[in-house]
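Data block below; observations after.
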Amino acid sequence: MMDKAIKRVRRVVYWTLNTTLGLVWFVLGIGLLAEQEAGPVEWWRLGPSVALLVVFSVLFLRVTRAILDRRYAQRELVAGAGIAVVVAVLGTGAPTSWSFVSFAWLSVASVGVRARTAWIMAVTTLVVMWPLNAYRMIEFTAETDPATRAGIVVGSFLYTALMCGTLPWANRLWVWIWHIAEEAHEGREAQARLAVAEERLRFARDLHDLVGHQLSAIAVKSELAVRLGGDSPASAEMAEVRGLARTALRELREAVKGYRQLDLAAELASVRGVLEAAGITCDLKLPYRDAPGETAPVFAWVVREAVTNVLRHSTATTCEITLRLTPEETILEVRNNGVQKDAVKNGEGSGLAGLAERLGAVGGKLTAEPDRKGGFVLRAVAPTAKEPALAGRP
């Protein structure tokens, strides 16, 4: 159901962005009807302008698809900017109709860039189109009165400024809403994955504690029965029962071991989605290779516990997770910028003692303390496992 909702939001945003293109054709249609009533149409100017507008429309649709895919269609936008200027100069009839193409271009070119860049684009469009609009309007109306011309210049400025100041930000708002919906969906999926992982761990623990205990008891009891039975046929049968119980216990422990180990890469991806869904910017700084096999599951537990503490006991807005590999040791740091001093002092819900025990089992150590910038740093260090020497190698 959630996937359908996300697709529906995507379609709404897609058609909303393309509404601007529909407005271009509507405005041009109104302008051409008004021109036919005023006099004959200059077809040598109208034909190429309409052809270029068709090309612009194709480029516009490509740009809107790229926006929803979080890409910036630079080549299409550069070509569209050139077409917008050409049709504004070449287009016949009311110049305000053809200048609307440049405003449509600005409405999508300013999406996917920083606010400062969007403002620069808007001001540049205003500087280019305002004089062109004013000149074409004076040419179209054939006005000779200085006062009327001044009014046309002022009116062209107000019209151009209004378009440059409204259309880009409306589309940026819609795309921002789409990104929020998409990130919320990804965060919910990440939470679901974490919930599944937690359930697997609970199942593994219960399976080991309940069934494993019973199998151990069966193995011990059957061993005692073999000793008491001597060489009787019943003793031989109990010996087989003992073997089956030990085999089942060993296989159970192997299966539970696989369930209880976490995958570091999957855990990093999951916690990143959860943090960003909670409005916390997550920055992962990872090496080009994976952590050693023995330390990776332990570090996965460290990441999970650290991020849980960030969500529960901090007011953080950023969280930085860094993994460094050296020939001697593997280092994991989880740093956030919103620690609450009371939570640090009391150690509420941290589970740091359990993490320290896990790291101690692989020869590592754990430190957790506030930094000087009002944040909190959890640092886990484990020695890098040495590869065994090859036989016969000096």
Could you check if a side-chain atom of [X] sits within less than 4.5 angstrom of a side-chain atom of [Y], using non-hydrogen atoms only?
X	Y	value
V271	I321	yes
M129	L132	yes
I177	V13	no
V108	T20	no
L173	W176	yes
W174	V111	no
F100	L28	no
W105	T125	yes

Least distance between heavy atoms, [X] atom then [Y] atom:
X	Y	result
V113	R172	O-NH1, 2.9 Å
W98	A88	CB-CA, 4.2 Å
V87	S49	CG1-O, 3.9 Å
P168	S110	CB-OG, 3.1 Å
A115	W169	O-CH2, 4.0 Å
A79	L59	CB-CD1, 3.8 Å

Any donor-acceptor N/O pair, [X] side chain to [Y] backbone, under 3.5 Å:
X	Y	value
W130	V153	yes
Y72	A66	no
N18	L61	no

Separation of [Y] [atom2] from [X] [atom1] (nearest 0.5 Å):
X	Y	atom1	atom2	value
S57	L52	OG	CG	10.5 Å
L286	T322	CG	OG1	8.5 Å
E333	R324	CD	CZ	4.5 Å
I30	W25	CD1	CH2	14.0 Å
I152	D145	CD1	CG	9.5 Å

R116 to W119, cation-pi by 6.0 Å centre distance and 45° axis angle: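 Because its charged atom misses either the 6.0 Å distance or the 45° angle limit, R116 does not stack over W119.
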Joint cluster assignment, [X] & [Y], ILVMFWY side-chain distance < 4.5 Å:
X	Y	answer
V127	M163	no
V58	I67	no
I120	V128	no
F56	L23	yes
I331	F299	no

R335/D283 salt bridge by N-O under 4.0 Å criterion: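 A salt bridge is absent here (no side-chain N lies under 4.0 Å from a carboxylate O).
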Step-by-step side chain to side chain contact (heavy atoms under 4.5 Å, CB included) determination, Y14 to R65: CA-CA 7 Å; Y14 177 74; R65 283 195 295 267; 3.6 Å; yes
Output field: ring centroids F103/Y159 closer than 6.0 Å: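 Centroid separation for F103 and Y159: below 6.0 Å.
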Test side chain to side chain contact (heavy atoms under 4.5 Å, CB included) applied to N171 and L167, step by step: CA-CA 7 Å; N171 281 348; L167 287 178; 5.8 Å; no
